[in-house]
Amino acid sequence: MSQDIYTHLEKARTDLGNFIGCDANDLFFVQNPTTAINTVIRSLDFERDCEVLSSNHEYGALVRAWNWFHKEKGYRFVQRDMPLPVFSHQEFADYFCEGITDRTRFIFLSHITSATGLIFPVDEICKRARTNGILSIIDGAHVPGHIPLNIKEMDPDIYTGACHKWLSAPKGSTFLYVKKEIQEKIKPLVVSWGNDVDPSRSTFLYNNQYQGTTDPSAYLAVSEAIKFQTENKWESIKKRCIELTRTTRDRVLNVLGTPEICPKTDEWLGQMASVLIPHKDVDQIEEDLLFQFHIVIPVFEWQDQNFLRFSFNAYNDDSDADKLVSALKKLIP
Ligand SMILES: Cc1ncc(COP(=O)(O)O)c(C=O)c1O
């Protein structure tokens, strides 16, 4: 068997495709979700004044990318305000889709949001996008290895996910999935050797998957990351972490006296949770948590409110939750 880079990449794509429920030839690797979404925005044709419907919970770099290209590409990037607290996925999907107008041609939405740590009802929203002839673009940066993902069942048009966050692959391993029917629309962000060197039969692959001296080792490690989690019973680890996230959220809310931003259900919460905090100086709290208590969590302002977001993984247990709760008692009395 040939052991050239294309064979290795094909194996990594195949293992990942099996893990996320899509054909290995419908995805290629990129460095990060920002590269994936820049590729998408630069590639697509937008009718003048058409709308890209999104939410106010999206990741800042990607909001910036959509805003950056709107004049050149001619679309309007509409961030629908999705207020907190959220109640049910059904209600959320209904309210979000009320933002669809006769100009909406694209939906761009996170599957799990960065600041608010919420699982959005993207299956339902992709379904409604299809019914309305709208192309769905999903930012699943936080999804692979975190919550179940079956792209075939969800049927988005475009989906990106990072493998370094919850799948334990190295940084710099992200995929961009594009449905077969629209793959010809995707143009390489960087034009390189293409089919001069890449034996893949698909234009989508040979135009996008390889450049001369980029380092593909993070991409190739995705196979090992999937194997590692499978061999180490990650499903039961995730279950434990999800439970720990929920009990810790109750305890933290109790200490801080702030309201929950979502119900304590599988619908909304995985292994991370954001909570509202009353204190003003978020940078100081983040710094104190780090230097006084050796706790690394983001503490930040989002939409004029202050939040902290914590998450748990295999290496955490109840003692970490105890440490966080007792630190917050001291820092935010
Ligand atoms: C929801 C979401 N989207 C996209 C990204 C993009 O990450 P990067 O800046 O690595 O491209 C992140 C990173 O944390 C994220 O949380």
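Worth saying up front: this structure is predicted, and the values here are computed from it rather than measured.
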Which pair of non-hydrogen atoms, one from S236 and one from K233, has the smallest distance, and what is that distance? OG-O, 3.0 Å
Between Q183 and S202, do the side chains contain a donor N or O and an acceptor N or O under 3.5 Å apart? no
Taking the side chain as every heavy atom from C-beta outward, state whether Q292 and K330 have any pair of such atoms under 4.5 Å apart. no
Would D250 and T247 satisfy side chain to side chain donor-acceptor pair (under 3.5 Å), going step by step from the backbone distance to the final call? CA-CA 5 Å; D250 284 346; T247 52; over 6 Å; no
Over-ring placement of R240 relative to F312, 6.0 Å and 45° cut-offs: no
Grab the two heavy atoms, one from C262 and one from V86, that are nearest each other, plus how far apart they are. CB-CG2, 3.5 Å
Give me the ring orientation class for F108 and W66: parallel if the planes are under 30° apart, tilted from 30 to 60°, perpendicular past 60°. tilted
Would you check if there is a donor-acceptor pair between the side chains of T203 and E184 at a distance under 3.5 Å? no
Counting C-beta onward and ignoring hydrogens, is there a side-chain heavy-atom pair between V143 and Y159 closer than 4.5 Å? yes
Ignoring hydrogens and angles, state whether a donor on the side chain of T7 or D4 is under 3.5 Å from an acceptor on the partner side chain. yes
Heavy-atom count around K180 NZ within 6.0 Å, excluding the residue itself: above 12? yes
Is there a donor-acceptor pair closer than 3.5 Å between any side-chain N or O of N232 and the backbone N or O of W234? no
For salt bridge (charged side-chain N to carboxylate O under 4.0 Å, His left out), just list the numbers for E235 and K238, CA-CA rounded to whole Å, side-chain angles, deciding distance to a tenth of an Å, and then say yes or no. CA-CA 5 Å; E235 282 311 314; K238 282 198 291 193; 3.3 Å; yes
Is the side chain of K179 donor-acceptor paired with the backbone N or O of P156 at a distance under 3.5 Å, no angle test? no
Heavy-atom distance under 4.5 Å between the side chains of V299 and N306, does that happen here? no
Would you check if the side chain of E267 reaches a backbone N or O of H89 as a donor-acceptor pair within less than 3.5 Å? yes
R105 side chain to D102 main-chain N or O, any donor-acceptor pair under 3.5 Å? yes
Does I226 reach the side chain of L167, with side-chain heavy atoms less than 4.5 Å apart? yes
Starting at OG of S110, measure out to CG of L62 and round the result to the nearest 0.5 Å. 7.5 Å
Could you check F28 against Y219 for side chain to side chain contact (heavy atoms under 4.5 Å, CB included), going step by step and ending with a plain yes or no? CA-CA 9 Å; F28 59 85; Y219 305 163; over 6 Å; no
side-chain hydrogen bond (donor to acceptor under 3.5 Å, both in side chains) involving D266 - partner list, sequence neighbours excluded: R246
To the nearest 0.5 Å, what is the distance between CG on L27 and CG on N208? 11.5 Å
Would you find a donor on one side and an acceptor on the other, under 3.5 Å apart, between the side chain of T113 and the backbone of L118? yes
Between the main-chain N or O of Q211 and the side-chain N or O of T214, is there a donor-acceptor pair closer than 3.5 Å? yes
Does some side-chain heavy atom of L149 sit less than 4.5 Å from a side-chain heavy atom of I147? no
Please list, one pair per line, the donor and acceptor atoms closer than 3.5 Å that link side chains of residues 185-194 to other protein atoms, with sequence neighbours excluded.
{"from": "K187", "atom 1": "NZ", "to": "S43", "atom 2": "O", "distance (Å)": "2.8"}

Kindly say whether the aromatic ring centers of F106 and F46 come within a distance under 6.0 Å. yes
P170 backbone acceptor or donor facing S173 side chain under 3.5 Å: yes
Looking only at non-hydrogen atoms, find the nearest pair between C97 and R128 and report the distance. SG-CD, 3.7 Å
Quick one: does any side-chain atom of H57 pair with a main-chain N or O of T116 as donor and acceptor, under 3.5 Å? no
Heavy-atom closest pair (L269 atom, I119 atom, distance to 0.1 Å) is C-CD1, 3.7 Å
Which of F92, Y95, F96 passes ring pair (Phe, Tyr, Trp, His ring centres under 6.0 Å) with F120? It is F92
Testing D157, D155, D123 one by one against R130 for a salt bridge (Lys or Arg N to Asp or Glu O under 4.0 Å), which residue passes? D155
Using atom types as modelled and distance alone, determine if a side-chain donor or acceptor of Q271 lies under 3.5 Å from a backbone N or O of S311. no
Taking C-beta and beyond as the side chain, do T245 and R249 meet within less than 4.5 Å on heavy atoms? no
So, does N316 use its side chain to make a donor-acceptor pair with the main chain of N313 at under 3.5 Å? yes
Rounded to the nearest 0.5 Å, what separation is found between the NE2 atom of H164 and the CG atom of N32? 8.5 Å
Looking at every heavy atom in both T35 and T39, which two are closest together, and how far apart are they? O-OG1, 2.7 Å
Treating Ile, Leu, Val, Met, Phe, Trp and Tyr as nodes and any side-chain heavy-atom pair under 4.5 angstrom as an edge, say whether I151 and L205 lie in one connected cluster. no
Cluster check M154, I107: I/L/V/M/F/W/Y, side chain < 4.5 angstrom: yes
Could you work out, with side-chain contact (heavy atoms from CB on, under 4.5 Å) as the rule, every residue matching R309, not counting sequence neighbours? S114, H142, M272, S274, P298, F300
Mind checking what makes side-chain hydrogen bond (donor to acceptor under 3.5 Å, both in side chains) contact with S54, not counting sequence neighbours? none
Output all residues satisfying side-chain contact (heavy atoms from CB on, under 4.5 Å) with K71, sequence neighbours left out; order by chain, then residue number. none
If you take all heavy atoms of S223 and A12, which pair is closest and at what distance? OG-CA, 3.4 Å
Nearest-0.5 Å distance that lies between atom CD in E124 and atom CG in D94: 7.5 Å
Hits for side-chain contact (heavy atoms from CB on, under 4.5 Å) against V78, two or more places apart or cross-chain, chain-then-number order -> E51, L53, R76
